[in-house]
Amino acid sequence: RKSTLNPNAKEFNPRAFAQPK
Amino acid sequence: QEPLTSSMLAAAPPQEQKQLLGERLYPLIHSMHSALAGKITGMLLEIDNSELLHMLESPESLHAKVEEAVAVLQAHQAK
């Protein structure tokens with residue numbers, strides 16, 4: 001069975017883990 | 001943090017819906033694969049929102065899909 005997941009998908013950038021300014 | 005519901009999602013614009021789902025999925029995925037969490041979360045966010053909500057409620061479903069994503073990434077990188 002071939003996966004439908006796309007290895008070229010855009011990386012998710014979580015707000016909660018973002019560096020504070 | 002209260003559970004994310006389909007009605008909460010429906011009240012948000014489409015792009016915000018994916019961000020909301022991602023914010024819930026990311027910490028769970030990070031606990032399984034910290035180095036790949038951002039990439040795996042991005043891959044899973046291309047799935048339908050209703051299925052993503054189901055994964056948030058079902059650790060087994062989420063775990064299976066995360067492992068599938070890791071396998072896809074490894075196969076892709078091996079090329």
Side-chain angles (χ1 to χ4, degrees), chain A, chain B residues 1-4 8-9 12-56 61-79:
Chain A
R1 187 174 69 88
K2 194 177 185 306
S3 176
T4 55
L5 293 174
N6 170 23
N8 297 312
K10 185 167 165 283
E11 193 160 331
F12 176 74
N13 182 28
R15 291 174 187 146
F17 285 66
Q19 293 292 322
K21 284 178 187 167
Chain B
Q1 196 175 27
E2 60 182 313
L4 192 62
M8 284 164 65
L9 268 191
Q15 197 49 46
E16 185 67 14
Q17 292 177 13
K18 292 295 186 186
Q19 186 71 27
L20 286 169
L21 285 161
E23 299 289 347
R24 303 299 181 109
L25 288 165
Y26 183 86
L28 302 172
I29 295 169
H30 191 269
S31 68
M32 299 179 217
H33 290 279
S34 56
L36 294 171
K39 186 68 184 176
I40 295 170
T41 306
M43 290 168 70
L44 265 54
L45 284 176
E46 294 189 342
I47 299 169
D48 284 349
N49 289 353
S50 58
E51 196 176 336
L52 292 171
L53 279 174
H54 171 70
M55 282 182 219
L56 283 172
S61 300
L62 178 61
H63 200 270
K65 194 56 82 173
V66 168
E67 292 306 318
E68 184 183 328
V70 171
V72 167
L73 274 179
Q74 287 173 344
H76 179 72
Q77 285 162 358
K79 282 179 194 166

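Throughout, a chain's letter reflects where its sequence line sits, starting with A, and its residues are numbered from 1. Atoms considered below: every heavy atom in the structure, side chains included; atoms not considered: hydrogens, waters and symmetry mates.
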> Any idea which heavy atoms bring A:Phe12 and B:Lys18 closest together, and the distance?
CE1-O, 4.4 Å
> Just wondering, do B:Leu45 and A:Lys10 contact through their side chains at under 4.5 Å, heavy atoms?
no
> Taking all atoms of both residues into account, what is the closest heavy-atom pair of A:Asn6 and B:Glu46, and its distance?
CB-OE1, 3.2 Å
> Restricting to non-hydrogen atoms, name the atom on B:Glu68 and the atom on A:Thr4 that form the minimum distance, rounded to 0.1 Å.
OE2-N, 4.1 Å
> Can you find a heavy atom in the side chain of A:Leu5 that is under 4.5 Å from one in the side chain of B:Ile47?
yes
> Check B:Lys39 against A:Glu11 and note the closest heavy-atom contact, atom names and distance.
N-CG, 3.4 Å
> Please say whether more than 12 non-hydrogen atoms of neighbouring residues, nucleotides or ligands are located less than 6.0 Å from CD in B:Gln77.
yes
> So which atom in A:Ala9 and which in B:Met43 form the shortest heavy-atom distance, rounded to 0.1 Å?
CB-CA, 3.6 Å
> Heavy-atom pairs under 4.5 Å with chain A - which of B:Leu73, B:Leu25, B:Thr41, B:Leu44 has more of them than the others?
B:Thr41
